[in-house]
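Values below: all heavy atoms of this structure, side chains included; hydrogens, waters and symmetry mates excluded. Values in this document were obtained by computation on a predicted structure and should not be read as measured data. The sequence lines fix the lettering, A, B, ..., with proteins before strands; numbering per chain opens at 1.
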Amino acid sequence: MATDSTSYDFSKIEPHWQAFWEENQTFCAKNFGDKPPYYVLDMLPYPSGTGLHIGHPEGYTASDILARYKQSCGHNVLHPMGWDAFGLPAEQHAIATGTPPADNTTKNIDNFRRQLKRFGFSYDWQREISTTDPDFYRWTQWIFLQLFKYGLAYVDDKPVWWCPALGTVLSNEEIIDGRSERGNHPVELRNLRQWVLRITAYADNLLEGLKDLQWPDSTKRQQTAWIGRSEGCNLQFDIEGHDEQIITYTTRPDTIYGASFLVIAPEHPLALKITTTEHKEAVEQYIQNTKQKSDLARTDLAKEKTGVFTGAYAINPMNGEKLSVWIADYVLLTYGTGAVMAVPCNDARDYEFTQRYDIPIPKVIKSKDDPTEDGSQTPMPFLGHGTLINSGPYTGMDSKESIPKMIADLEARKHAQATVNYKLRDWLFSRQRYWGEPFPIIWINEEDFQSLDNYPNSPFREFLPKEPIAYEKDGERFYALPLPDSALPLKLPEVENYLPSESGESPLAKALDWVDVYANLETGEVVSRQSMEAPSTPWVPARRETNTMPQWAGSCWYFLRYLDPKNDKVFVDPKVLEYWGFPDFYIGGAEHAVLHLLYSRFWFHFLHDIGILPKPEPFKRLFHQGIILGEDNTKMSKSRGNTVDPDTVIEAYGADALRLFEMFLGPLEDMKPWNSKGIEGIARFLRKIWREYIDGEGKLNTKIVDEAKEAPSLERVLHETIKKVTQDIEGLRFNTAISQMMVFVNHLQKANTFTRNTAKIFIQLLTPFAPHLGEELWERLGEKPSASNASWPTWDESLLHVDEITIPVQVNGKMRAELSLPASIEQAEALAAAKAHDRVQSHLNGKTLIKEIYVPKKIINLVVK
RNA sequence: GCCCGGGUGGCGGAAUGGUAGACGCUGGGGACUUAAAAUCCCUUGCUCGAAAGAGCGUGAGGGUUCGAGUCCCUCCCCGGGCACCA
């Protein structure tokens, strides 16, 4: 039943159809069936306390249009929604208010869901998931255990970024210019025991896999740059008076004759060893200074390069020359070998360093267009490739071509190995927070761990890796035992307060009855120590891991759970997975280009490798919607007062208007400003549609007639519109699809009558964009809802051609006239008609016609002199 | 600094190498109305002109082409990414 509105009353129409879709489960996806499946995915939102902002519905409307369109095209469409609800804001709210994060999270989710439903998105709410739901994170924990089992999860005591204000460790990716991405707080280095995932093992796979993905180029480029593969070689330099060698990494072995010194990082293990007594004090002072520098200060490009001479000399393996060895903080221990051969003539950094310390700069490459013998016309530093000079037997060779030969020659003398380096670092996977997935890991001492050998069938072996994971504390060694599958989910305990401890441990460390446990090595049982008196074999004391997983964990794989959200046996039934596959279309913000999207790919590559998933790449087609700016063309923010609240807009104009307007603003991927006047135009458009269909009494407009044949001119516009809208939806060009619909409605308005069939087809085109109005008018046309179940209209190409066409005539490329000619006209006739035209004549008079161009149905151009 | 995008009316934006400015907003004029809202019609790139019309015009300059917003080169500006990764 349609509503009884006599005017376009969206406040009545919209809730009516939302209720209809819910009652009739219009958009509930069924696993299996004859229809081809199509999976449309939105990036999982974080349900913040402030509710939806105006940017959210941009991507959601786009995916909703696609989903409804695909449903009309006969697909079985899966279009789900859920919540990435672990994370810092909820925890900080909990710290501030003392209420458990779960409570507030539930509240925020309810609000988000309410707001999303007001937009009429075609989500299958029966498949809703939340990463915070134990039935969900049970499988996040299970995937972690797989990573653990296969040796891709380990603990490390290396220095990590600690943010005092947030009370947690952050990953490299969460730091921007020495401050936390979230909250912009200063960060510092601290040594803490951390869980790390070996994503570097997948560097090449992740790079290779990018090639076949239909992703925005910029995102592929960002991931490529983040992985940062570089091919080069390690070069070994002997040190005068020492047995040890300095191993440097370089991508430019061709410049080796131009090396004038070596630089090692201040943290390099040989730094103090090779320093001569004479330079000891200065070197120690320098290393000390470096330690005190924040990484921000150290990586500040603007600062002048500093360093200190060690007094040691290395030998250039090519020519036997002595090279001074320096320590400088512009060389990073964490990349390559922590040592470089400095070639000032071909490297800007080395060049800059020599300017300060007055080191010689031998020239070994001249530019190809430098005619001089000695390369004096080649500027320094010269970073490109060219012709080698002053390079012994290699002089005269092309520098690029000399690389393999140089490596081979040095390799033969055991001074080089070709090697590959990556910028990508392993993924720091633990957080010292409460509101995240607990690690399903317990720690036991060495003796107890060895006694596990006595229990060959222990459930603790289920996920035990070949190489045990252990760490040392106060001289004692502890071993990680993975909880068995049967112990999952390992739920978060309730705690008194959510403040992290000053020591850097998570709030979970204070939940002693949860942390301190006994584990039964034989049965796999784990119980609180408070529930049992000091037990004996096979019980051993154990301590739970108190770190939690980062927010990225759940979002790595959540979209598989939508396929089979209630399954308590497996994370997704393989048959269901086989039916749906991975998302056909994924839309979300570009800010996740390297974090979520890289991590998720890593997990999928891994799960594919161990035979759990059929394919390694989760997202074949990816799209980023652009950001919607405030009306003043700056980023929306509360402090600027330029935010737009979706609830308010819906109250004033309706959800359909808001959906349509966000799509009409401009290309989906562009950044574009909000315009409060612009939405008025969309509202006018919707009212105009209503008036064309419904009269003042709420009855069907008498303009709509039951004749079979539409007037040819209107029919042609209709078919143009079907074609344009269809192709634009496929290409995600919603702004131009909408403008074509406006063009069509302007034609409807001018027509005296139009057929019911025309009326129906246009509503079908409109419905993905403005589904509430679409359904309302669909039913008032006497059709059965939902309009999304009616099959998508097709256009008839033969109706698009016109008998009489307008051809512009140019003289010397300038527009001079328009001719109305039969479409089928021959070239000679067309040209004759053009030349006969008065206005053309006046431009031809007294000139010589030298060329005549006729592009059929397009243009005539007469060239005169 | 390097690597990508992008610069089109007053504004958001359209334009497979073929009539630049579709569509919408804004502005101006008019109709309907007691009035307003709503709606409809005309108009709205710039300059000259009463008009017909002419000239100019897609960041700047050059080039290719019968023809360039679109392709090529140089430069300027804006946005994004990376940033001592050897």
Side-chain angles (χ1 to χ4, degrees), chain A residues 7 177 216-226 228-230 232 235 248-252 255 263 265 298-303 305 328-332 334-343 346-350 352-353 383 421-425 590-591 593-594 626-627 629 631 633 660-661 664-667 669-685 687-688 691 733 735-746 749 806-818 839 842 850-864:
Chain A
S7 64
D177 293 335
D217 276 342
S218 59
T219 303
K220 286 192 185 188
R221 264 198 308 277
Q222 275 185 64
Q223 291 211 352
T224 305
W226 191 262
R229 184 180 203 271
S230 93
L235 294 179
T248 64
Y249 172 73
T250 183
T251 55
R252 295 296 301 270
T255 63
V263 191
R298 191 170 157 180
T299 58
D300 184 4
L301 261 173
K303 81 163 169 66
K305 293 197 176 13
D329 65 3
Y330 79 88
V331 170
L332 309 172
T334 47
Y335 184 78
T337 57
V340 300
M341 77 168 180
V343 184
N346 300 106
D347 184 284
R349 297 152 303 185
D350 300 342
E352 195 192 323
F353 193 76
L383 306 182
N421 262 305
Y422 300 91
K423 285 201 242 181
L424 184 69
R425 299 293 139 81
E591 66 274 17
V594 283
I627 294 169
L629 302 171
E631 226 161 338
N633 232 312
L660 219 41
F661 183 56
F664 187 63
L665 274 174
E669 64 273 29
D670 283 7
M671 198 181 263
K672 45 213 175 266
W674 180 258
N675 180 336
S676 54
K677 281 280 169 36
I679 196 167
E680 305 265 6
I682 290 291
R684 267 199 282 278
F685 172 58
R687 284 195 296 264
K688 196 189 283 188
R691 275 197 315 275
R733 294 178 298 267
N735 54 330
T736 47
I738 293 167
S739 78
Q740 180 62 38
M741 289 193 279
M742 289 173 166
V743 169
F744 176 78
V745 173
N746 290 342
Q749 198 178 11
T806 304
I807 289 195
V809 182
Q810 299 181 335
V811 178
N812 282 353
K814 280 197 202 306
M815 272 293 303
R816 295 301 174 188
E818 283 181 355
R839 293 206 39 223
S842 67
I850 54 173
K851 196 162 187 178
E852 300 170 32
I853 286 138
Y854 174 65
V855 182
K857 298 183 193 178
K858 289 282 184 195
I859 204 158
I860 289 168
N861 192 8
L862 303 173
V863 186
V864 296

Requested in this report: Taking A:Asn861 for its side chain and A:Ile853 for its backbone only, find out whether a donor-acceptor pair lies under 3.5 Å.
Outcome: no

*Any donor-acceptor pair under 3.5 Å from A:Glu631 side chain to A:Ser676 backbone*: yes

Is the base of B:U19 touched by the side chain of A:Lys814 through a donor-acceptor pair closer than 3.5 angstrom? no

Exercise. When only distance counts, do a donor and an acceptor, one from the side chain of A:Lys677 and one from the base of B:C11, lie under 3.5 Å apart?
Worked result: no

Ranking B:G18, B:G13, B:A20 by distance to the side chain of A:Val855, first place goes to B:G18

Quick one: [X] [atom1] to [N] [atom2], roughly how many Å, whole number?
X: A:Arg229; N: B:C82; atom1: CZ; atom2: P; answer: 22 Å
X: A:Gln810; N: B:C66; atom1: CD; atom2: C1'; answer: 9 Å
X: A:Asn675; N: B:G12; atom1: CG; atom2: P; answer: 9 Å
X: A:Leu862; N: B:U65; atom1: CG; atom2: P; answer: 20 Å
X: A:Asn421; N: B:A86; atom1: CG; atom2: C1'; answer: 9 Å
X: A:Asn746; N: B:C41; atom1: CG; atom2: C1'; answer: 13 Å
X: A:Leu332; N: B:C82; atom1: CG; atom2: P; answer: 17 Å
X: A:Asn633; N: B:G79; atom1: CG; atom2: P; answer: 11 Å

Checking all strands, does [X] fall into the base, sugar-phosphate, or nothing category for heavy-atom contacts under 4.0 angstrom?
X: A:Ile853; value: base
X: A:Arg733; value: nothing
X: A:Gln749; value: sugar-phosphate
X: A:Ser230; value: sugar-phosphate
X: A:Val809; value: nothing
X: A:Asn812; value: nothing

Which value, in whole Å, describes the distance between the [atom1] atoms of nucleotides [N] and [M]?
N: B:A15; M: B:G30; atom1: P; answer: 36 Å
N: B:G62; M: B:A14; atom1: C1'; answer: 28 Å
N: B:U58; M: B:A68; atom1: C1'; answer: 11 Å
N: B:A35; M: B:U39; atom1: C1'; answer: 16 Å

Below 4.0 angstrom from OP1 or OP2 of B:A22, is there any side-chain N or O of A:Thr736?
no

Exercise for the section: Under the side-chain hydrogen bond (donor to acceptor under 3.5 Å, both in side chains) rule, what do A:Ser230 and A:Tyr249 come out as? Steps first, then yes or no, please. Expected result: CA-CA 10 Å; A:Ser230 93; A:Tyr249 172 73; 2.6 Å; yes

Assigned chi class of B:G69 under the 90° convention is anti

Rounded to the nearest 0.5 angstrom, the CD-CE distance for A:Gln749 and A:Met742 is 12.5 Å

For A:Lys857, does the NZ atom sit with more than 12 other heavy atoms under 6.0 Å from it, leaving out its own atoms?
no

